[in-house]
Structure formats: structure tokens, C-alpha cells
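Note that the structure is a prediction, hence the values are computed from the model and not measured. Reckoned from all heavy atoms, side chains included, excluding hydrogens, waters and symmetry mates.
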Amino acid sequence: MPSVKSACIVGAGIAGLTAALALARKGIAVHVLEQAPALEEVGAGLQLSPNASRILADLGLLDALAARWSEPDHILLSSGHMLAPLASVPAGSAARKRWGAPYGVLHRASLQAVLADAVSREPLCTLTTGRRIDTAEDALAIAPADVVIAADGVWSALRKAVPGALPARYSGTIAWRFLVPYGAAPPFLNPRTVTAFLGPQAHLVAYPLAEAQAFNVVALHAHGQAPAAGWSRTGDAAARTRLLGAFSRWHADIRQMLAEARGPLMWPLFECPDGAWTDGRKLALIGDAAHAMTPFAAQGAAMAIEDAALLANRLARTSDTAQALRQFEATRRERVASVRRRGAFNRFAYHARGPIALGRNLVLSLRGPESLAADLDWLYGYRTPE
């Protein structure tokens, strides 16, 4: 018999809510504690690749998500200088056929709303907002449980209770996020694709958000000076100047879009180095609290969702909680390391310059769509171990 009958989850973001549902579906009672008075997801859009959407489908959420998202026909890599396509990976119906699950893009708030609605209808789940939690003891005083799951993000307060866990550090990259309404969008933004435009020391990603009737645009560039820790903020004039400078040699249409962006938010990217994710007894970190990563593989949300599914599986299948946490960490560490390596490779390739960029473009020109899709089988075709 499983030793875990109840769980307390700190944080009601994507990681926490997915974990709550996954645990409840295994018969484990869950109490989620959130410090915000209302659920408001930080960020604009996100990509849900098949490895994540498969888990959400298993939780019975696919129809609700499909009503809110777009399924792009292709994932494109294009030149930021010429706006010419460099490579294409089939998505849409091809993703469902190849990887057995869809590739969707949607607003982060939409995913959180779908998760929160499912949690509210789950008899084994309780959600309490407006409660700041700084320690596991704080959490257990409110919601006594057999295990505590810290899903409180990159600035996790509970991380310090895990021996060997490491603090977040600045990645050296700034991301700017803004929306471009469909009616005002330049022609190079395609409503049927996720497109990454590549250039030296910078790249730009754009994809449609159906509910917002707008494109989500994320412009990323290297920035060596570490800004103050925190979430997104409105950049000052100097920061906007640095943004435009990072894209100064790009195509004129992209430069114009960046210059005319309304209300762009500057997002310093922080990541968590490899460290411990559990205390070996009854506390586990998941999602960004455990392994925040830069978005060069577009897998941040997906890794949190995978964490939630595997942790639920492990806790429901053993009478030894400590062993379940060790197994969870060992299995996830290998997977997350592979995704980090892919992100590091993408960063190198996307931001290449000079002869390296020319070589990249030549290699991509020789690769067909199916060949490129096959390179993603290990990532998108992943299935959570039982």
C-alpha cells in the first residue's frame, strides 16, 4: 500500500496544479497553497509540445485546451536578416500522427485557467489562496500531509530546505515579450506557424494566440550585466535602446516591429544549476523550483508537467516515501539534463555568427522536414514511466 495518502503543494502555477490533478487521480488528497490572492499566471504565451500535451490529455484536459489553443502547421526556422525560411518541422496533424499527441500554442493564463477549473471540480483537491509559505513547516501547519511538494517557481522559498539545492542564477540573456494584434501584424508573422528568426547573439520567436487574436512575440538577446532578480518589468529607455541595438543588423521589418512594440516587458532569464531536488524524506521540488531553464528548447512548462506526472506515479506505487522521492529525482535528473543539453545546443545554433552561421544554414538546407522531426522523437515522443 502507498504510504502517501495526502500531499501539500506550495504554488498554484502550472507545475503545482498539474501535480494536484495527477496526485488526485491516483487517490491522493491534495491541498494547494498559493500566496497570491488570485491566480494570475506570469507571462504571455507558451508552447505545449506533445510530451506535455499527452500528459494533459491523460488528465482529461485536451478538449478544454483545444478550445483555447492553436495547433501550428509547422515549426519554422528563418533568417532574421533576410526573413527567408531555413528549415521546417511538420506539426499540426503530423505531430498527432508522429508523436501521438498535439503541439499547441496558447496563453499561459489559458492553461492555468483550464488546470484551475479541473482542480476546483476534483473532490480530492483543495486550493487556498492568499497564504505566503516560507518553510515546509509553514505549509504543514496549514495543511498537514505526508509529503510537501514545492512548486513555487524559480524564486522558491522552500528550496533552501533541501540540502544541496542551489540558488537561481542569471543566464546572461534578456527576453522581451509583447503582443502584436492580428490586424496590425506585419506579413512575415504567419498565423499557422511557430517561427524562430535567427541572428547573431539574438533570436526572435513568434506564434499565434487564438484567444488574444494576437501574435506572441519573444525577442531574446545576450546581455552580460546581471539585472536585479525578479519577474518581468517595463524596460526603461536605456534597456529599449539595448534591445534595438541587439537587432540593429536584422531585417528592417523586424527592427520596425521592435521599435513600435507596445508595452513590451523585459524578462531577465534566470536558471537553477543542477542541485538536489528532494530532502530525501518528505519534501520535493518540481518545475522551476527544481530546474528552471532558459527557453531555448521551449520546454520549461513541459518539464514541469512531466515532473508532476512522474512524481504522482512514484508516490502512488510505493510504501516507502523516501524511496519514491529518490526514484523521482534520479529519473527526472537524466531527462532534464538531456533537455538542458538540447537548449544549450539551440542557443549556440540560433545565435551563431559568421562562418558558423553559414555552416548552420547549409546543414539545415540539406535536412528535410521528416529528418528534422526524427531528431525530436526523443523529446516529443517521451512517455512518463509508470
Path from [X] to [Y] over hydrophobic side-chain contacts below 4.5 Å:
| X | Y | result |
| --- | --- | --- |
| Leu61 | Ile305 | yes |
| Leu244 | Leu204 | yes |
| Leu258 | Phe197 | yes |
| Leu62 | Leu21 | yes |

- Message: Salt bridge or not between Asp138 and Arg132? Use side-chain N to carboxylate O under 4.0 Å.
- Response: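 A salt bridge is absent here (no side-chain N lies under 4.0 Å from a carboxylate O).
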Tell me, do [X] and [Y] make a side-chain contact under 4.5 Å, heavy atoms counted?
| X | Y | value |
| --- | --- | --- |
| Trp69 | Pro102 | yes |
| His74 | Val89 | no |
| Val217 | Met257 | yes |
| His221 | Leu243 | yes |

May I ask you to check whether [X] and [Y] show a side-chain donor-acceptor distance below 3.5 Å?
| X | Y | value |
| --- | --- | --- |
| Thr128 | Glu34 | no |
| Arg347 | Thr173 | yes |
| Arg341 | Ser338 | yes |
| Arg342 | Asn346 | yes |
| Gln47 | Tyr103 | yes |
| Asn51 | Tyr380 | no |

- Message: Using the rule given for side-chain contact (heavy atoms from CB on, under 4.5 Å), can you reason through Leu106 versus Leu65, listing the C-alpha separation, both sets of side-chain angles and the distance that settles it, and then say yes or no?
- Response: CA-CA 8 Å; Leu106 74 168; Leu65 290 170; 4.0 Å; yes
Tell me whether [X] forms a cation-pi arrangement with [Y], defined as NZ or CZ under 6.0 Å from the six-membered ring centre and within 45 degrees of its axis.
| X | Y | answer |
| --- | --- | --- |
| Arg177 | Trp267 | yes |
| Arg333 | Trp277 | yes |
| Arg262 | Phe178 | no |

- Message: If we check side-chain contact (heavy atoms from CB on, under 4.5 Å) with Ile9, which of these qualifies: Val32, Asp152, Thr18?
- Response: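 Filter result, single survivor: Val32.
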- For side-chain contact (heavy atoms from CB on, under 4.5 Å), just list the numbers for Ile142 and Arg131, CA-CA rounded to whole Å, side-chain angles, deciding distance to a tenth of an Å, and then say yes or no. CA-CA 9 Å; Ile142 300 171; Arg131 301 301 295 264; 3.3 Å; yes
